[in-house]
There are 2 protein chains.
Amino acid sequence: MAVVPSDPLKPRKTPRQARSTATVAAIFEATFQVLLSDGLVKLTTTRVAERAGVSVGTMYQYFPHKEALLYAVLEQYLYEVVIATEEACVRLEGARLGEMADGLVHAYLEAKLRHMPGSRVLYTVAAELDTDDLIDDIVRRADQAIKRLLASAADAHFDDLPTVTFAVRTILVGTVREVLEKEAPVSSLAMLRAQLPIMCRAYLMAVSRRA
Amino acid sequence: MAVVPSDPLKPRKTPRQARSTATVAAIFEATFQVLLSDGLVKLTTTRVAERAGVSVGTMYQYFPHKEALLYAVLEQYLYEVVIATEEACVRLEGARLGEMADGLVHAYLEAKLRHMPGSRVLYTVAAELDTDDLIDDIVRRADQAIKRLLASAADAHFDDLPTVTFAVRTILVGTVREVLEKEAPVSSLAMLRAQLPIMCRAYLMAVSRRA
DNA sequence: ACCTGAACACCGTTCAAGT
DNA sequence: ACCTGAACACCGTTCAAGT
């Protein structure tokens with residue numbers, strides 16, 4: 001029952017009893033654990049089931065296929081990051097442009113780092129999943145928050161807000177991924193921390209008018 | 001024979017006769033074709049062998065495993081892009097900062113687009129391969145070219161060239177990937193084309209001193 | 001209502017036999 | 001020297017049988 005045809009990556013059925021709720025939680029947690037310890041390539045359904053303490057059959061009762069397991073983990077992670085970003089945008093409303101750039105960069109970067117080393121593996125997970133709809137949703141939320149933020153700037157005005165919003169979000173997400181995804185982000189992370197706010201500030205100044 | 005232990009993703013043996021040289025070329029081409037038509041998930045060794053007109057056994061004589069096939073295709077693609085970038089850097093040497101930003105962005109973006117739609121699939125390929133060494137090499141080449149370019153700017157000087165080089169390369173690669181990787185880059189591609197030069201120019205101005 | 005695990009289809013890889 | 005393809009191990013998924 002309760003197969004969701006519009007989104008086959010969603011859990012197959014909603015648990016109705018306490019026992020199965022715990023089962024789903026255990027499977028979810030096991031997926032993440034196996035992902036962190038063994039990596040995506042070595043993540044097999046058998047291994048996840050073992051770690052969760054259930055049989056493969058049980059797993060397939062709640063998740064229609066392997067990808068649904070990964071999708072669930074990725075989804076939760078992305079929601080946490082976008083929520084942190086939204087909160088930062090609200091907090092920074094009405095600030096000056098420089099503070100906005102610094103605050104936004106800081107909030108996004110810290111949200112990503114808070115979930116390290118999950119962030120790293122999850123880039124590989126996202127790459128082999130059909131995430132178009134999920135990403136669209138996340139991007140829409142992020143863009144809405146950033147747009148609102150930029151529109152509220154105390155000392156600047158933007159003629160083409162949608163374009164600037166797109167650009168800022170793309171710099172943020174693109175550069176952070178580029179750094180976190182790689183093996184040894186020790187020194188590059190420090191550089192990113194220092195340069196990303198400068199990039200954003202410089203770009204925002206360049207495309208805004210004093211108000 | 002001729003297994004390369006330092007890099008197990010490399011071809012297993014060097015062809016010594018015309019027949020096998022053609023075989024390797026056919027396998028290489030078939031890999032790329034299957035990748036484009038069927039996508040990474042549906043790319044199986046059998047399918048590639050079929051398309052190449054050889055048996056699986058023959059394929060395994062030249063490529064030690066499936067990943068070696070993908071690695072070869074990715075490697076060639078990355079080399080082409082980095083060469084285009086290097087050439088642009090040489091061409092722009094001694095120019096003014098604004099022209100440099102525009103020229104570099106244009107060259108990199110066009111190199112990526114020239115290989116579309118290969119670019120899109122290859123992001124997914126890179127994600128599930130051990131590409132650390134390959135990427136390190138590419139990044140080193142790109143950074144060297146960009147560093148030389150920036151140092152030659154007619155109207156600007158940089159105090160911390162390594163950091164600025166890192167930042168420019170990260171913006172470039174990160175934002176372009178962010179856009180090309182997605183499903184429908186029609187309008188976002190136009191925005192990227194317009195905003196990326198502005199970003200780079202604004203950043204470079206911000207971290208440089210007039211000379 | 002929930003769980004089990006043997007059974008099936010399919011894929012990556014090998015190797016004995018061919019030319 | 002190069003090629004073939006049946007055979008093997010392993011993984012994702014199902015389903016008849018259990019509680």
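Of all nucleotides listed (dC3(C), dT4(C), dT13(D)), dT4(C) comes nearest to the side chain of Val54(A). Picking from dG12(D), dC2(C), dC2(D) the nucleotide with the shortest atom distance to the side chain of Tyr62(B) gives dC2(D). Set against dG12(C), dT13(D), dG5(C), the side chain of Thr45(B) has dG12(C) as its closest nucleotide. Listed candidates were dC3(D), dT13(D), dT4(C). Nearest to the side chain of Thr58(A) is dT4(C).
Between the Thr58(B) side chain and the Val54(B) main chain, no donor and acceptor come within less than 3.5 Å of each other. With Arg201(B) contributing its side chain and Ala101(B) its backbone, the two residues share no donor-acceptor pair below 3.5 Å.
Following rounding to the nearest Å, Gln61(A) (CD) and dT13(D) (P) show an atom-to-atom distance of 16 Å. To the nearest angstrom, C1' of dG12(C) lies 14 Å from CZ of Arg47(B). Look at OH on Tyr60(B): it is 20 Å from P on dC2(D), rounded to the nearest Å. Atom NE2 of His65(A) and atom P of dT13(D) are 7 Å apart (whole Å). One atom, CE of Met59(B), and another, P of dC11(C), lie 13 Å apart when rounded to the nearest Å. In this entry the distance linking CD1 of Ile27(A) with C1' of dC2(C) reads 12 Å, nearest Å. Atom pair Lys42(B):NZ and dG12(C):P shows a separation of 14 Å (rounding to whole Å applied). For the pair Asp38(B) CG and dC11(C) C1', the computed distance is 15 Å after rounding to whole Å.
Nucleic acid contact class of Val56(B) (heavy atoms, under 4.0 Å, all strands): base. As judged by a 4.0 angstrom heavy-atom cut-off over every strand, Thr44(A) is placed among residues touching the sugar-phosphate backbone only.
The existence of a salt bridge linking Glu181(A) and Arg177(B) is confirmed by a sub-4.0 Å separation between a basic side-chain nitrogen and an acidic carboxylate oxygen. Using a 4.0 Å cut-off between a side-chain N of Lys or Arg and a carboxylate O of Asp or Glu, Glu110(B) and Arg193(B) qualify as a salt bridge.
In this structure, CD in Glu75(B) is found 10.5 Å from CG in Leu129(B), a value given to the nearest 0.5 Å. Residue Leu104(A) holds its CG atom at 10.5 Å from CZ of Arg91(A), rounded to the nearest 0.5 Å.
For the residue pair Ser119(A) / Tyr77(A), a side-chain donor-acceptor distance below 3.5 Å is found, with atom types taken as modelled.
Side-chain nitrogen and oxygen atoms of Thr23(B) include at least one within less than 4.0 Å of the OP1 or OP2 phosphate oxygen of dC3(D).
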>> In dot-bracket form, 5' to 3', how is DNA chain D paired? Count Watson-Crick and G-U wobble pairs only if both distances fall under 3.5 Å, and write | where the partner sits on another strand.
In response: ||.|||||...|||||.||

